[in-house]
Structures are given as C-alpha cells and as structure tokens.
Amino acid sequence: QVQLVESGGGLVQAGGSLRLSCAASGRTFSIRPAGWFRQAPGKEREFVAAISWNGGSTDYADSIKDRFTISRNNAKDTVYLQMNSLKPEDTAVYFCATTGRAFSSMTISMFDSWGQGTQVTVSS
C-alpha cells in the first residue's frame with residue numbers, strides 16, 4: 001500500500017498559479033503511474049492528469065491541457081501538478097492517486113491508493 005499526502009493548495013486569483021505536491025511513502029511508488037483528480041462541490045470526481053512511472057508519458061484532460069503540467073521526482077517520491085492561468089472553474093479539492101496498473105488511458109477506477117486531497121479555490 002502506498003500512502004499519499006497532498007499539499008500546495010490555497011486561494012488564488014484568476015490568472016494566477018499554484019503548484020501542488022503529492023508526497024508518497026511506500027517502496028513501489030517509483031514504479032507506479034500516478035495521477036491527479038479533482039472534485040468540485042456537487043460534482044463527481046474527474047480526471048485531471050496522469051504520468052507514467054518514469055515520467056516519459058503523460059495524459060491530460062482537455063479542460064486543463066496547456067495550462068497544467070504533471071511531473072514527478074522519483075528520488076523524492078513526489079508528484080507535482082503545476083497549474084497556470086487558473087480559472088474560477090478550477091476550484092475543487094484536488095486528489096493525488098497511484099495505481100499498480102500499466103500507464104494507459106487512465107480512469108478513476110484504475111487507481112487503488114488515494115490521498116486526502118487539498119483545496120484549491122480560484123477567485124474571480
């Protein structure tokens with residue numbers, strides 16, 4: 001089992017930037033794909049971005065493509081989400097997750113370890 005702890009959320013004005021971090025503990029994290037998801041009030045949790053175990057492949061939701069960047073540092077067992085040009089509709093709780101499955105078109109059901117989430121609020 002992998003334990004995940006997100007940080008870096010907060011309140012930012014529209015057009016601003018935030019970088020989320022997800023620190024992992026567990027021996028297998030560095031060989032597992034990882035992803036970011038978000039859940040806005042009253043809405044279902046949705047996919048944001050995913051990254052392969054070595055960072056060589058990434059995938060993004062269309063709504064955030066070209067604004068968000070996922071990356072990882074396996075030496076630090078950490079995954080990042082750089083969020084630029086933030087919009088009020090990006091307001092949500094952001095969750096980090098990891099999976100034992102091979103990287104592909106990732107869906108929520110593929111992920112077996114989740115963090116507790118970090119709140120991101122974008123004001124207009």
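Under the 6.0 Å distance and 45° angle rule, R72 does not count as a cation-pi partner of Y80. Annotation: cation-pi geometry not satisfied between R38 and F95 (NZ/CZ under 6.0 angstrom from ring centroid, within 45° of ring axis).
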Go through it in stages, so that I can follow the logic: the residues are R45 and I108, the test is side-chain contact (heavy atoms from CB on, under 4.5 Å), and I'd like the CA-CA distance, side-chain angles, deciding distance and then a yes or no. CA-CA 8 Å; R45 193 170 299 189; I108 290 177; 4.0 Å; yes
Carefully, step by step, assess T91 and Q119 under the rule side-chain contact (heavy atoms from CB on, under 4.5 Å). CA-CA 8 Å; T91 295; Q119 176 71 47; 4.0 Å; yes
Steps toward side-chain contact (heavy atoms from CB on, under 4.5 Å) verdict (M83, Y94): CA-CA 11 Å; M83 305 186 295; Y94 283 71; 3.9 Å; yes
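Annotation for D112 and G100: closest pair OD2-N, 3.7 Å, computed over non-hydrogen atoms. Residues T78 and S21 share a closest heavy-atom pair of CG2-CB, 4.3 Å.
K76 NZ: 12 or fewer foreign heavy atoms inside a 6.0 Å radius.
R32 and T98 are linked by a side-chain donor-acceptor pair at a separation below 3.5 angstrom, with hydrogens and angles left out of the test. Side-chain atoms of S17 and N84 include a donor-acceptor pair closer than 3.5 Å. In the model, Q3 has a side-chain atom that pairs as donor or acceptor with a side-chain atom of S25 under 3.5 Å.
You'll find the side chain of T28 reaches within 4.5 Å of the side chain of V2, heavy atoms only. Residues D90 and F68 meet the side-chain proximity criterion, which asks for heavy atoms closer than 4.5 Å. A heavy-atom distance below 4.5 Å is found between the side chains of L20 and V120. Under the 4.5 Å side-chain criterion, counting only non-hydrogen atoms from C-beta, T99 is in contact with M106. I70 is listed as a side-chain neighbour of W36, based on a closest heavy-atom distance under 4.5 Å.
Aromatic ring orientation, F37 versus F47: perpendicular (interplanar angle above 60°, classes split at 30° and 60°).
Cluster annotation: W114 and F103 are assigned to the same hydrophobic cluster (Ile/Leu/Val/Met/Phe/Trp/Tyr, side-chain heavy-atom contacts under 4.5 Å, transitive). Cluster membership for F111 and V79, using ILVMFWY side-chain heavy atoms within less than 4.5 angstrom, is not shared.
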